[in-house]
Amino acid sequence: MVKIRIIPCLDVKDGRVVKGINFLNLIDAGDPVEQAKHYSDNGADEICFLDISASLENRDTIINVVKKTANEVFIPLTVGGGISSIENIQALLKAGADKVSINSAAIKNPNIIKEASEYFGNQCIVVAVDAKKHNDDWFVYSHGGTKKTDLLALNWIEKAQELGAGEILLTSMDKDGTKSGFDNELLGKVSEFIKIPVIASGGVGTLDHFYDGVVKGKADALLAASVFHFNEISIKEVKEYLKDKNISIRN
Amino acid sequence: MNKKILIIDYGIGNLRSVYQAVTHLGYECELSNKKKDIENAYKIILPGVGAFGAAISKLKNLDLIHSIEKFKNKGNYLLGVCLGMQLMLKKSFEFGQNDGLNFVDGQVVNLNTIVKSEAEIPHIGWCKLENIKDSKNKIFKNIENEDMFYFIHSYYSKIIQKNDIEILYSIYNDSKFTSMFINENIIGVQFHPEKSGASGLKLLYNFLQL
């Protein structure tokens, strides 16, 4: 059995975590390094940072955050947000990231997936896809979900796989923030369709939702942000719940 | 004797994580691609991610292959991590055929030759070392059956000549694959101990203690 991975995602702006709360024992809830370490100590299988810094200068702060995190956290780290070039990727990997997730830049120039996966290995290239349903089709959005593209999600994901993506991070914009569960219809379609692992994102609110993401959505990994940050559900609870229902996880 | 740990820096992969993990465990370490450093090292870690062919060319271009052999023949410990493990085999079939360091008689082959067709590749995730309880090697001190390690790979090491080599295996989608081998002073791990949380740090610490 494949062990389903649980991945907390931290939004980082100008080097600080936004929307984090103060966990017990954390001195500074805004410090991404402390947050990452907390999650790692509590059973996270990987950590994801999403850099939402607005300006280019502030994006450099993520490099330092990654360096400091890599000094203390010894589980895989994925970094996404605003990555637009091979140089960006190289700087992040060199700083200690294990994987990078590319979104808008890949839509603008799909060849970056090919270049990056040939250069760094496809295992470290995650393609992030934000999808929203219009009638019966899911369309891809770029620029943090603000711009609709003409790309159909399934076509785009297949292309990303062909170009060398190692994983797909699939966010449902319809579900994101609703706490009504993952978009298992979309996830199921994508998971059946491609050969690389799919990380489910957007919509998780209860323990059941994690279970459904695996069973109905057939996801390989489950990403969540607010339920973890606001301490509504702990990673340990998710894992115990899944284990009780015979889903294979890492203890 | 200088007990520094040497990490071979041949311009491939994320060496920082390995470096940080070793330092975190209280050991001094250095990155180097100099022949003299390698030949005189106390203990070596050979990391690596990416493609086999590119990695072996880089080692050749830096003229390090003979130095690594020389180091190995002294009997000092060498740990290959992920692609670093695969490089120690005889040959690889990743994007064409390439010869490896040939410290172990085996071939690097795609996981798709052993897993079911619906299995995802790359294999990304956590696995146990299934037969760890059969081993008495000191590298497994304090490591339990339930300890899991982080894998991220599309190819694996198929060991051909198994005499005298201790082989540990893991299971991906019902298929067994080599996750670690120990051939006296030559140790290879397919997983990333530097990314496997507390379990990985325990194993890395045990290697440093050998």
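Protein chains get the first letters and strands the later ones, always in sequence-line order, with residue 1 at the start of each.
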Would you check, one step at a time, whether the test side chain to side chain donor-acceptor pair (under 3.5 Å) holds for Ser135(B) with Glu166(B)?
-> CA-CA 8 Å; Ser135(B) 177; Glu166(B) 192 171 341; 2.4 Å; yes
Structural part of [X] lying under 4.5 Å from a heavy atom of chain A:
{"X": "Ala21(B)", "value": "both"}
{"X": "Ala119(B)", "value": "backbone"}
{"X": "Ile121(B)", "value": "backbone"}

Lys138(B), NZ atom: more than 12 neighbouring heavy atoms under 6.0 Å |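 Not more than 12 within 6.0 Å, no.
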May I ask you to name which of Ala70(A), Gly121(A), Pro197(A) has the most heavy-atom pairs under 4.5 Å with chain B?
->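 Between Ala70(A), Gly121(A), Pro197(A), the count favours Pro197(A).
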What is the ring orientation for [X] with [Y], classed by angle as parallel under 30°, tilted 30 to 60°, or perpendicular over 60°?
{"X": "Phe182(A)", "Y": "Phe210(A)", "answer": "perpendicular"}
{"X": "Tyr150(B)", "Y": "His192(B)", "answer": "tilted"}
{"X": "Tyr39(A)", "Y": "His229(A)", "answer": "tilted"}

Can you tell which part of [X] gets under 4.5 Å to a heavy atom of chain B, answering side chain, backbone, both or neither?
{"X": "Lys99(A)", "answer": "side chain"}
{"X": "Ile4(A)", "answer": "neither"}
{"X": "Glu167(A)", "answer": "side chain"}
{"X": "Glu46(A)", "answer": "side chain"}
{"X": "Asp41(A)", "answer": "neither"}

Salt-bridge contact Asp45(A)-Arg250(A) (side-chain N to carboxylate O under 4.0 Å) =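 Looking at Arg250(A) together with Asp45(A), the answer is yes, because their closest N to O distance falls below 4.0 Å.
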Indicate yes or no: does Asp99(B) engage Lys90(B) in a salt bridge with an N to O separation below 4.0 Å.
->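 Looking at Lys90(B) together with Asp99(B), the answer is no, because their closest N to O distance does not fall below 4.0 Å.
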Could you check which of Gly125(B), Ala198(B), Ser154(B), Gly197(B) has the highest count of heavy-atom pairs closer than 4.5 Å to chain A?
->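 Among Gly125(B), Ala198(B), Ser154(B), Gly197(B), the one with the most close pairs to chain A is Gly197(B).
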For chain A, the option from Glu120(B), Met148(B), His24(B) that forms the most heavy-atom pairs under 4.5 Å =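 Among the listed options, the one with the most contacts to chain A is Glu120(B).
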Cationic tip of Lys58(B) above Tyr10(B) ring, under 6.0 Å, 45° of axis =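 No, Lys58(B) and Tyr10(B) do not form such a contact.
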